Amino acid sequence: MRQPDRISWSQAALAGLLFALISCTWRYLSDGAGFDELAIRFAAYFLAFTVGFYFLYNLVVKRQR
C-alpha cells in the first residue's frame, strides 16, 4: 500500500481558502453578517485552518511511516 505524501504549504492554503469561503458563506447566509465581520472571520479562519491543517496532516503522515 502506498504511503501518503507530505502536504505542501500551497495545498494547505488551498484547503484553508475553501474552508474559510464555506464558513463565511454559511455565516453570511444564516446570520446576515456584515462585510467587516466576514473579513475578520475570513482572515482568522484561513490562517488557523491553513497552519493547523499543514502541521496536523504532516504529523500524521510522519507517524505512519
Side-chain angles (χ1 to χ4, degrees):
M1 186 167 146
R2 184 175 177 267
Q3 293 292 332
D5 295 330
R6 294 175 55 96
I7 195 169
S8 68
W9 278 108
S10 60
Q11 291 170 326
L14 180 61
L17 179 67
L18 290 174
F19 177 78
L21 282 173
I22 291 169
S23 296
C24 287
T25 302
W26 180 269
R27 182 74 175 180
Y28 176 72
L29 294 175
S30 66
D31 295 339
F35 176 77
D36 54 345
E37 180 184 348
L38 291 176
I40 293 169
R41 284 182 180 272
F42 182 86
Y45 289 160
F46 175 74
L47 181 63
F49 190 86
T50 299
V51 173
F53 185 65
Y54 176 81
F55 286 117
L56 289 175
Y57 185 89
N58 288 332
L59 179 68
V60 169
V61 167
K62 184 178 177 181
R63 291 194 183 258
Q64 285 182 352
R65 289 184 179 173

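As the structure is a prediction and not an experimental result, all values here were calculated from the model.
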*May I ask you to decide if the ring planes of F49 and F19 are parallel, tilted or perpendicular, using 30° and 60° as cut-offs?*
parallel
Transitive ILVMFWY side-chain link [X] to [Y], under 4.5 Å:
X   : Y   : value
W9  : Y57 : yes
L56 : F53 : no
L47 : I22 : no

_Less than 4.5 Å apart, side chain to side chain, heavy atoms only: is that true for F42 and L17?_
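F42 reaches L17 side chain to side chain.
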*Hey, are the side chains of V61 and D5 touching, using non-hydrogen atoms and a 4.5 Å cut-off?*
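No. Closest side-chain heavy atoms not under 4.5 Å.
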*Nearest heavy-atom pair of A12 and Y54: which atoms, and what distance?*
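Taking A12 first and Y54 second, the nearest heavy atoms are CB-CB, 3.9 Å.
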To the closest 0.5 Å, what do you measure between [atom1] ([X]) and [atom2] ([Y])?
X   : Y   : atom1 : atom2 : result
N58 : R63 : CG    : CZ    : 13.0 Å
F35 : I40 : CZ    : CD1   : 10.0 Å
Q11 : T50 : CD    : OG1   : 12.0 Å

*Would you sort out whether Y45 and L21 count as a side-chain contact (heavy atoms from CB on, under 4.5 Å), showing the intermediate values?*
CA-CA 9 Å; Y45 289 160; L21 282 173; over 6 Å; no
_W26 atom CH2, neighbour heavy-atom count above 12 within 6.0 Å_ =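 Atom CH2 in W26 is not crowded, with 12 or fewer foreign heavy atoms closer than 6.0 Å.
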